[in-house]
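Only heavy atoms go into these numbers, but all of them, side chains included; no hydrogens, no water, no symmetry mates.
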Amino acid sequence: MFKDGIGIFLWKLAVALYLVANGVLGLIGRGGDFRIILTNTMRFPSWVATIVAVLALAAGVMVLIEMFSSQAIRVLDLFALILAIIWAVYIIIGLVSFFTGKSGLNIWEMLQRLGVHTMVLGSLLVTAKKGK
């Protein structure tokens with residue numbers, strides 16, 4: 001269970017729980033970072049936020065599978081890499097919305113979100129075996 005150490009285990013667990021929670025909240029329409037930023041701030045259609053919520057939920061489940069599986073799962077590596085690329089684009093969208101003044105966040109709120117999303121990106125890259 002702690003094949004990479006307890007620190008990495010807790011980091012992956014926190015990211016997996018964050019992804020699952022955001023995915024579920026996005027799917028049931030009760031918020032989640034994705035739905036709020038994509039639909040309210042960036043004015044994307046709600047179906048885009050729903051797709052991102054599904055991907056977040058799937059990514060959280062994939063991170064959990066990777067944590068508790070003793071076997072390498074090839075499809076997980078590819079899926080996590082695709083999600084990492086999508087996540088990087090999401091981070092860029094968030095930065096653009098901040099710098100154009102559309103996000104309504106102050107510098108500290110933006111740094112807080114950037115920190116969380118950078119941790120998620122790092123965890124996806126580690127899960128995809130591209131971050132080692």
Side-chain angles (χ1 to χ4, degrees):
M1 182 186 311
F2 301 115
K3 62 185 174 189
D4 295 324
I6 193 158
I8 298 291
F9 174 83
L10 290 174
W11 173 43
K12 287 182 179 181
L13 181 62
V15 169
L17 294 175
Y18 172 82
L19 288 168
V20 167
N22 262 290
V24 170
L25 287 171
L27 286 174
I28 63 175
R30 303 194 79 194
D33 283 350
F34 314 112
R35 187 162 294 281
I36 291 168
I37 289 173
L38 291 174
T39 58
N40 296 354
T41 304
M42 298 302 292
R43 305 285 186 235
F44 279 88
S46 63
W47 63 266
V48 173
T50 301
I51 290 171
V52 173
V54 168
L55 292 173
L57 179 59
V61 170
M62 290 293 199
V63 171
L64 287 170
I65 290 171
E66 189 269 340
M67 287 173 57
F68 295 107
S69 174
S70 59
Q71 299 176 340
I73 304 170
R74 288 272 203 222
V75 71
L76 173 61
D77 292 346
L78 179 62
F79 187 68
L81 181 59
I82 291 167
L83 286 171
I85 292 167
I86 292 169
W87 211 272
V89 170
Y90 178 72
I91 290 172
I92 292 167
I93 289 170
L95 288 171
V96 167
S97 74
F98 174 75
F99 287 116
T100 59
K102 292 182 180 178
S103 70
L105 301 174
N106 66 39
I107 186 73
W108 301 113
E109 293 166 329
M110 188 276 300
L111 288 175
Q112 180 185 34
R113 281 197 180 161
L114 181 61
V116 169
H117 292 296
T118 304
M119 284 188 283
V120 171
L121 177 60
S123 184
L124 289 170
L125 289 171
V126 167
T127 300
K129 309 296 187 273
K130 302 296 182 201
K132 286 189 174 184

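Looking only at side-chain heavy atoms (C-beta outward), I107 and F98 come within less than 4.5 Å of each other. Inter-residue side-chain proximity for L19 and L57 is flagged as unmet; no heavy-atom pair is nearer than 4.5 Å. Side-chain contact between I91 and V120 is absent, with no heavy-atom pair separated by less than 4.5 Å. Between I6 and L10, some side-chain heavy-atom pair lies under the 4.5 Å cut-off.
Counting all heavy atoms, side chain and backbone alike, V126 lies closest to K12 at CG1-CE, 3.7 Å. Across every non-hydrogen atom of L121 and A88, the tightest pair is CD1-N, 4.2 Å. Shown here for M110 and L95, the closest heavy-atom pair between the two residues is SD-CD2, 3.8 Å.
With T100 contributing its side chain and V96 its backbone, the two residues share a donor-acceptor pair below 3.5 Å.
The aromatic rings of W87 and H117 sit tilted relative to each other, their planes meeting at an angle between 30° and 60°.
One finds the CG atom of L114 at 13.5 Å from the CD atom of E109 (value rounded to the nearest 0.5 Å). Taking CD1 from I85 and CG from L124, the interatomic distance works out to 11.0 Å, rounded to the nearest 0.5 Å. Here the CG atom belonging to L83 is positioned 11.0 Å from the OG atom belonging to S123, to the nearest 0.5 angstrom. The distance from atom CG of L55 to atom OG1 of T50, rounded to the nearest 0.5 Å, is 11.0 Å.
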